Amino acid sequence: MSFLFRYSVADTPFSVPSNVTTDELCDLINGLLKADGSDGDGRVAFDFLIGGTFLHSRLEEHMRQNDISTETVVEIEYVERSPTPEPEDSLLHDDWVSAVRAQGTCILTGCYDNTLKLWSTSGELLLTMPGHLGPVKCVTWVDSGDALPVRTFLSGSHDETVLLWQWNQDTNAVECVHACRGHAGSVDCLAVNPEHTRFCSGSWDTMLKIWSAVINSDEDGQLEEHSEKPAKRKKMDGGTKIPTRVPTMTLSGHKEGISSAQWVGTNEVYTASWDHTIKMWDIEQATEKSCIAGTKVFFDIAYSPLNRMLVAASADRHVRLYDPRTSDGAVVKCTFTSHTGWVSAVAWSPVDEHQFISGSYDSVLKQWDTRSPKAPLFDLTGHDDRILAVDWSIPQMVLSGGTDNHLKVFRVSNPAPKTKAAGRRR
Amino acid sequence: MKRQCCVPMPNKKVEQPSDKTELFVDAPPDGSEGSDSDSTDSEESVYSGLEEEEDTSNASEEESDNEEAAVEDSDEDSVPPAEEAKPTRQGKAKGGKSKVKKPSKQSQPSGSLENTAGDTHAASTSQSGADEYEYDSSDEEDIRNTVGNIPMEWYREFEHIGYDLLGKKIIKPEQGDELDEFVNRMDNPDYWRTVRDRLTNQKVVLSDKDVQLIQRFRRGKTVDPSTDPYAPWVDTFTSEVMIHPVTNRPEHKRSFIPSLWEKQEVGRIVHAMKMGWIKPKPPTEDEEDDEPKFYNLWENENESEINKRFNQHIPAPKMRLPGHAESYNPPPEYLFTEEEELAWKAKEPEERKINFIPKKFSSFRLITAYPRFCNERFERCLDLYLCPRQRKMRMNVDPEDLIPKLPKPKDLQPFPSTQALVYRGHAGMVRCISVSPDGQWLVSGSDDSTLKFWEVATARCLKTLHVGGVVKDIAWNPNVTLSLVAAIVDCDLLVLNAGLGDKLIVSNTDNILSSHTPTEENSDAGNKLPVHWHTADGKKWKEGHRVKVTHPKALSQVTWHGKGDYLAVVMPQADSMSVLIHQLSRQRTQNPFRKPKGLVQRVLFHPLRPFLFVATQRYVRVYNLLKQELVKKLQTNCKWVSSMAVHPGGDNVIIGSYDCRLGWFDLDLSTKPYQVLRHHKKAIRQVCYHKTYPLFASASDDGTVIVCHGRVYNDLLQNPLIVPVKVLRGHTMTSDLGVLDCKFHPTQPWVFSSGSDHTIRLFT
């Protein structure tokens, strides 16, 4: 057995015994690093990839399982092992946490007690925002980040409205700027376009609606005048006037409720629905571009701009990986099976093209690597009940909210710069 | 020929035999020293001459065989009879040649008297003692008659029979007529040994020696009585290898050297084969032809009646051979212990494994008489007598083949298979559930006097309503534009606004309900039914209560019509009002049946046509509501119907019963169940169809929900395909009740079940 190992300094083929384990390979590389004297920071843990799949067992078994010839020189790629996420915090809510989205230093959560909660990343409750008349199903940030003094975000609820909020960071004052009405079912998902000018909402009424996300008081005034039921709205808003906004576009095509939407690029929206399909919409032309048919109800999809892939959570134990670019969209590229209950939510890592998390009704959050479909990288336990929402918007933070009224925060110390450790070595 | 040879011989010897040889016309002189070749020759002649008188010729043969001993006889014999015979046989004497037959008394004298040529021989005959077989006379020509070896019948027409040596005709001797023949036969003691000479047509009397010879010949003995067939064998050329070989020369060197010639020959053949001049003979049919061909003798055997019986012979039943247990001294393990003996005695005689008790005797003479001997003999006779003498045609059918081929459940996906969610929150057993028509909400009624509204996807309880009584049944309005729920609480029918989903629908529903309120009183009064409609107000309204219909007796079931305006309730105790139909929009009540036939269990509206299914304990009746007549009566074949469901197509009905049966009815096919499934171990509580998928489910007290694939074809000729696909377990049993209700999700292949363990479960 020959084993070629090229390092930036030492370019030597190595011969290793066939029953070598990952730990031994790890030692070998650490030894080489030491010898080079390039790194003095002690032992580094590595994971090893052969032909794009992780080496979990002994080398021999792995090669046998994957039908790799033992006669040739085997290239073993190594990456620095992603460190174990540490449970950092647990934020207690009054009711089920159904939506969570973090940005910058803030965490926004939607709750079944009709409120939104704003937390700082350090675990401090900044605000509780009542406003909805039904359980909040989805939240999302509209603006780009911390730098702005006034942050805007959206929340969709069972009460069929989407509320557009403005939060002044300095004064910690929040204001509901717009109530977006038009859906005839609970609003289950929201997605903002990359330019932060528009957003779309999917609802149980099978409609996908596109709205303007721009806060413009003039327009609002107009709309308010046009709104037909001021009395009722007043009642709903608890006496305060909230300007109503109507959708700019309504796209119909799904046969059942839309459960998840992802805004991709400038003009593309991906939606997943209970009718077992994922549809891609062209917003510019207001048409359906293509459709991926699944076999189960889709609860959530996540799109990664890094690898342009979709992961989908559906009403079974599997997480499926789709490539939306393939013409026949029905092909499932990979299936990740480890959960024991419905998978309710998925989220890609914002920095690593291979990693994503999935939350399930079996109350376990799992961190996956696309190259390791057999087993997840980590099982993040902590929830006592079903997980309803997950988020990985901040690279160092994995968030998950569930029916145990808790928002769990896991700290992920991201691997060191990719150029060094994760670079491809032979 | 022998005779011929005799003639020219001047020897006495010659003469003597020549006489005898005359007889050898018929018989070869094998027995004597005559060589084999002689005998063969003589045989020919024998055949030629024997054609007319076989018997006599045989006799003559015998005579001719005689040897020395016979010679003496012949001398004596020859003289007297010869004289007698003389006159009758001139011809013979003439052709009798020189030699007169020694044995024949008649011929001898004739020869001596008449035969000129044979005078000398006549004397020689008398000499006697001479061996007639002493030399070979076979080559000699017969001089008595010169015609040669020809068929003598050629002379039948003539009065002569040939020519003698001088060329004179030999005149046929006079033949006596039948009378003479008869007299001769009666008087002549030698008649039996008298033969006629073929060539001369003379009568010849065989001597004793000849007769003896013939007799020996016929018995297959050696003709010569003096021959000892058992003489000691002289081994002239011994088979044993002699010590001293004839030649002891060592083998020549040449014999060890391979033959050059052979080598050249082989080389030539090999070369020819290499060059392709010699080709291997292609295997032809000759080989097959070589095989012997047989005529199938038994080809048609089977057809015959006898063979049929023979082949189908049924042997009588054989008696079992005695084993160790029957022994008078069986091994101890065969002897009964006391318990075994008791058990043996307790059993019926037919059930016993062996029909006697094994006994041990220390010695053979102590064995007592077997008391059941006669019985056993009798039974054996019965066996033989009653043995079935008929061959039973046994059908070799694999039982597997009889089971209809059903598709594998795997191929019938999707169907619910695993438990996905548990809806917890009720404090009593959940009697009934219903799913909203869009599939987002679930409502459940429980023994804890509450109604709960759930979000299907998350198992979130959104609303709880206290209704002040056990909720017996609940039904969500199937009309998507209404958000109404009908619930049965004791004697009351509650119609509630769910208040979930689209706000617009919720408010529209309220509008519809309130708009028709005024008409209520009129209709109620007109009908004079003890049913009262109440419209909720105040706090109740806020909670969602809209209409309450009070009935005189306890209700058991409520069901909506597909349009969502009418609803039917079942009041089992109210005799003439056991089924009532309410119209919600006009708040009116109808009583369709004056007198129901039996205790009504369930009612259901036909999904498409104005039919009403009414299930009593044993029958399901289908009524046409427009024409007000009975359309069909289904016989359920079960004791107590518990539940009923109608296929969304309307042509199929399933029935669940308390005696664990689930019956599928095809209304077009028959009024009897098309298929009855008995998969549940306890009473079936609820059955339901899926709206879109070909699925139905049954919930039972044994804690399981069984999901079956039930595909209905548009083609009327094709029967529904029913395959049980999954048993769903999850509910725990409490107080002997298991699953109380099950409902399918309207759009997904999911099934909800509610149980006595206070939970609702979703299986996907």
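Below, all heavy atoms of this structure are taken into account, side chains as well, without hydrogens, waters or symmetry copies. What you are looking at is a predicted structure, and each value in this text was computed from that prediction instead of being measured. Reminder, nothing fancy here: chain letters follow the sequence lines and each chain counts from 1.
Between A:Asp205 atom CG and B:Leu504 atom CG the span is 11.5 Å, to the nearest 0.5 Å. B:Thr764 contributes atom OG1, which lies 7.0 Å from atom NZ of A:Lys296 (distance to the nearest 0.5 angstrom).
If you measure heavy-atom distances from A:Asp188 to chain B, you find no contacts under 4.5 Å at all. Looking at B:Glu455, the atoms closer than 4.5 Å to chain A (heavy atoms on both sides) all sit in the side chain, from C-beta outward. If you measure heavy-atom distances from B:Leu421 to chain A, the contacts under 4.5 Å come from the side chain alone.
Put simply, the side chain of B:Gln748 reaches to within 4.5 Å of the side chain of A:His276, judged on heavy atoms.
Of all heavy-atom pairs spanning B:Ala457 and A:Trp274, the tightest one is CB-CZ2, 3.4 Å.
Relative ring orientation between B:Trp750 and A:Trp342 is described as tilted, the plane-to-plane angle lying within the 30° to 60° band.
Residues of residues 458-466 of chain B lying within less than 4.5 angstrom of chain A, judged on heavy atoms, are B:Thr458, B:Ala459, B:Arg460, B:Leu462 in numerical order.
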